[in-house]
Amino acid sequence: MATYLHKNRNGNYYSRIPFPACLKAVGFPSEVRFSLRTKDRNEAMVSNLEVALKAKLLIEEIKVAEMSEGLKNKVIQKRAEIRLQERMRVEIDKKNKQYIELLKASIQLKNQLQASEDRNQELVNQNQEIKVIARKIHSAAKVKVESNELAHQKITDFISENIDINNARSSKVIRTLEELQTEFLADKVRDQIVNKSLKQLKLRTSALVHFAGGSTRITDLTYGDARNFQEHITEGRSGKTVSEYLSACSQMFKYACKLEYVEKNHFSGLKVPNSASDKRPRWTSEQLLNLFSCEIFTEHKFRNIDDYWLPLVMLHTGARPSEICQLETADYKVIFDTPSLSITDDSVYEDSEKRVKNKNAKRIVPIHHKLIELGFLKFIETKVKAGDRQLFSSTPIGEDKDWSKGFTQRFSRTLTKLGLEAGERPTAYGFRHTVRDEFKLSESAKDIVTELIGHEKETFGEVHYTHSEFDIVRKLEVLHQGLNFDKELIKVASDPLFR
């Protein structure tokens with residue numbers, strides 16, 4: 001049994017003792033560490049020998065090879081209980097955090113509504129003052145210009161018009177820019193959009209709040225103000241980034257228009273001239289041929305089979321990288337004899353961390369015949385038989401729980417080896433743009449394309465998330481008619497499981 005003497009960052013020595021494989025197999029940790037409580041190496045070496053000897057004796061006593069079957073089962077059961085408790089604790093912490101965020105947003109919104117009501121009361125008081133002035137002017141006019149009925153009428157009309165305008169203003173809650181942003185983001189939290197998207201919306205709309213001033217009334221913002229903001233954010237930013245900032249502000253004012261806080265969204269018509277964002281980073285036919293001619297696809301030379309299947313699946317579904325990377329084996333469905341993938345945040349596992357961008361992203365996508373031809377159903381069957389939870393090996397990484405990060409990093413290295421330079425090449429997300437363009441070129445039915453790629457529905461008739469036999473057949477027809485990459489995949493070898 002190996003032992004190791006180490007020093008921590010505070011200069012104290014400790015002993016690291018690994019567990020044998022037979023114990024790790026039934027749930028014991030990989031190693032244990034014992035502090036030797038000294039900074040003197042000679043003293044630590046002596047203590048290390050004593051600790052190692054005692055630890056070895058203890059480990060020998062509980063080796064799995066000498067365990068009774070009953071003790072093995074108890075150990076396994078105990079480890080399972082600990083893992084279940086940890087999962088439950090993480091889930092509870094996550095739900096508590098979401099509840100606290102919602103509660104904070106609700107309290108802040110309540111305070112802002114109270115402030116708005118106070119301002120409305122001020123307008124009502126001003127209205128009463130105008131009425132008093134109107135009566136005085138009316139009386140004076142009647143005494144002094146009784147013979148001039150026309151002048152009297154003009155004065156009365158003028159005062160009435162001002163009273164009506166003031167009444168109209170006091171009948172609506174007028175939001176400041178800061179209040180609108182808070183309410184807009186709270187609405188997005190209720191829609192359960194992913195944390196990464198929420199952060200991006202907050203960052204981009206905050207730029208407008210800081211530029212125009214948080215206390216600025218949204219009804220006072222003009223088209224000129226929107227253009228000035230566009231010029232302000234253009235400096236030092238790429239065209240794509242400027243477009244993303246304008247899009248976020250447009251979303252916020254679209255929300256304001258729906259609630260009738262403002263009459264017009266001045267950001268909806270703004271575009272960035274000659275912007276790189278207008279040239280969507282799709283894959284050209286030559287780039288696809290270059291990619292799918294590399295040894296990963298032609299000779300099955302890969303360390304991770306995901307690197308073979310993920311690009312192919314994204315190219316034949318138009319799905320976002322994270323949507324495919326997070327798929328579980330239970331997301332494979334056969335609907336009306338049609339093999340399909342269910343893209344959703346629903347799961348049979350309570351500790352699932354699957355996410356979708358929004359409610360429109362939930363959808364059923366039939367599996368393209370080219371994927372079946374290459375052996376994708378055999379790959380799925382192997383995963384199901386093995387009892388695997390995830391279809392691919394991806395895991396959520398970082399605070400934003402990014403399922404695709406591990407794959408996209410490997411994919412970037414592959415593209416560099418193929419001579420495609422960073423910043424000038426399409427990415428894994430570019431498969432989605434490619435699919436969307438191919439559907440457009442083939443003049444595919446817009447409502448079906450919207451369902452397939454998970455975009456927002458534009459009409460009432462498109463809002464229902466259905467997968468009747470008729471819908472599945474139509475989706476499959478659109479997939480096969482719109483997506484044909486046989487020329488680009490001519491060198492791809494099938495059945496990577498049998499390499």
Side-chain angles (χ1 to χ4, degrees), residues 86-87 90-91 93-95 97-98 101 185 188-189 191-204 238 240-241 244-245 247-248 251 277 280-283 302-315 317-331 341-347 349-363 365 383 388-416 420 422-423 425-436 453-455:
E86 179 62 20
R87 288 178 183 173
V90 170
E91 187 65 24
D93 289 346
K94 182 166 61 177
K95 290 183 178 179
K97 185 177 179 182
Q98 292 175 349
E101 291 297 325
L185 294 176
K188 291 298 181 182
V189 170
D191 285 346
Q192 296 183 339
I193 68 169
V194 294
N195 191 44
K196 182 178 179 181
S197 298
L198 187 64
K199 285 182 178 179
Q200 290 173 341
L201 284 175
K202 184 175 182 179
L203 173 68
R204 293 162 184 168
S238 67
K240 180 177 182 296
T241 302
E244 289 170 345
Y245 271 70
S247 175
Q251 283 188 57
S277 64
R280 294 181 298 173
R282 66 153 289 164
W283 288 79
F302 46 71
R303 292 184 179 180
N304 189 330
I305 196 172
D306 293 4
D307 296 342
Y308 175 91
W309 281 120
L310 287 172
L312 289 167
V313 175
M314 286 187 278
L315 183 63
T317 60
R320 301 172 180 88
S322 59
E323 292 175 336
I324 299 300
C325 288
Q326 73 179 3
L327 285 173
E328 297 173 350
T329 51
D331 293 325
L341 296 174
S342 174
I343 297 176
T344 177
D345 56 357
D346 296 330
S347 174
Y349 302 99
E350 292 183 359
D351 61 341
S352 172
E353 294 187 287
K354 291 167 60 181
R355 297 286 186 273
V356 291
K357 185 173 182 180
N358 50 50
K359 61 184 178 182
N360 300 304
K362 288 187 176 185
R363 60 199 188 277
V365 181
K383 289 284 187 175
D388 290 346
R389 170 173 171 170
Q390 298 296 137
L391 189 56
F392 300 103
S393 62
S394 301
T395 56
I397 297 175
E399 183 182 352
D400 296 326
K401 304 296 183 183
D402 187 350
W403 282 88
S404 64
K405 189 169 184 177
F407 162 71
T408 53
Q409 289 175 341
R410 299 194 306 274
F411 189 62
S412 293
R413 290 194 289 269
T414 298
L415 297 184
T416 300
L420 298 172
R425 67 194 183 199
T427 63
Y429 202 94
F431 291 123
R432 180 171 172 82
H433 296 311
T434 305
V435 168
R436 190 165 54 185
I453 63 179
H455 272 178

- Query: Once you round to the nearest 0.5 Å, how far does OG1 of Thr317 lie from CZ of Arg363?
  - Reply: 7.5 Å
- Note on the structure: When every non-hydrogen atom of Leu198 is compared with those of Leu185, the smallest separation belongs to CD1-O, 3.9 Å
- Minimum heavy-atom distance Met314-Pro321, with the two atoms named: SD-CA, 3.5 Å
- Donor on one side chain, acceptor on other, Ser393 and Asn304, under 3.5 Å: yes
- Okay, side chain of Arg282, backbone of Gly430: is any donor-acceptor separation there less than 3.5 Å? no
- Item | Nearest-0.5 Å distance that lies between atom CH2 in Trp403 and atom OG in Ser394 | 7.5 Å
- Looking only at heavy atoms, what is the nearest atom pair of Ala361 and Glu323, with distance? CB-OE2, 3.7 Å
- Item | Set of salt bridge (charged side-chain N to carboxylate O under 4.0 Å, His left out) partners for Asp306, sequence neighbours left out | none
- Message: Distance check, rounded to the nearest 0.5 Å: Lys362 atom NZ versus Asn360 atom CG?
- Response: 11.0 Å
- Message: Please give me the minimum heavy-atom distance between Gly454 and Arg320, naming the atom from each residue.
- Response: O-NH2, 3.7 Å
- Query: So does Lys383 have more than 12 non-hydrogen atoms from other groups sitting under 6.0 Å from NZ?
  - Reply: yes
- Query: Ignoring hydrogens and geometry, is there a side-chain-to-backbone donor-acceptor pair from Lys357 to Val194 under 3.5 Å?
  - Reply: no
- Query: Would you call Gln251 and Arg204 a side-chain contact if the rule is heavy atoms closer than 4.5 Å?
  - Reply: no
- Message: With rounding to the nearest 0.5 angstrom, report the CZ to OG1 distance, Arg413 to Thr416.
- Response: 9.5 Å
- Measure the shortest side-chain to side-chain distance between Gln326 and Asp345 over non-hydrogen atoms and say whether it is less than 4.5 angstrom. no
- Query: Any side-chain heavy-atom pair from Lys359 and Asp191 closer than 4.5 angstrom?
  - Reply: no
- Message: Show the nearest heavy-atom pair for residues Ile453 and Arg436, with the distance to one decimal.
- Response: CD1-CD, 4.0 Å
- Message: Using side-chain heavy atoms (C-beta onward) and a distance below 4.5 Å, is Leu310 in contact with Cys325?
- Response: yes
- Task: Could you tell me whether the side chain of Glu399 reaches within less than 4.5 Å of the side chain of Lys199, counting heavy atoms only?
- Result: yes
- Mark yes or no for whether Gln390, through its side chain, and Leu327, through its backbone, hold a donor-acceptor pair below 3.5 Å. yes
- Message: To the nearest 0.5 Å, what is the distance between NZ on Lys401 and OG on Ser322?
- Response: 14.5 Å
- Query: Tell me, do Ile343 and Val365 make a side-chain contact under 4.5 Å, heavy atoms counted?
  - Reply: yes
- Message: Check the orientation of Trp283 and Phe411. Use parallel for under 30°, tilted for 30 to 60°, and perpendicular for over 60°.
- Response: tilted
- Query: Quick one: does Pro426's side chain get under 4.5 Å of His433's, heavy atoms only?
  - Reply: no
- Got a sec: does the CD of Gln409 have more than 12 other heavy atoms crowding it under 6.0 Å? yes
- Which heavy atom of Leu201 sits nearest a heavy atom of Ala248, and at what distance? CD2-CB, 3.9 Å
- Item | salt bridge (charged side-chain N to carboxylate O under 4.0 Å, His left out) involving Asp402 - partner list, sequence neighbours excluded | none
- Item | Spacing of CD1 belonging to Ile193 relative to CZ belonging to Arg355, to within rounding of 0.5 Å | 12.0 Å
- Do Ile305 and Phe392 have side-chain heavy atoms sitting under 4.5 Å apart? no
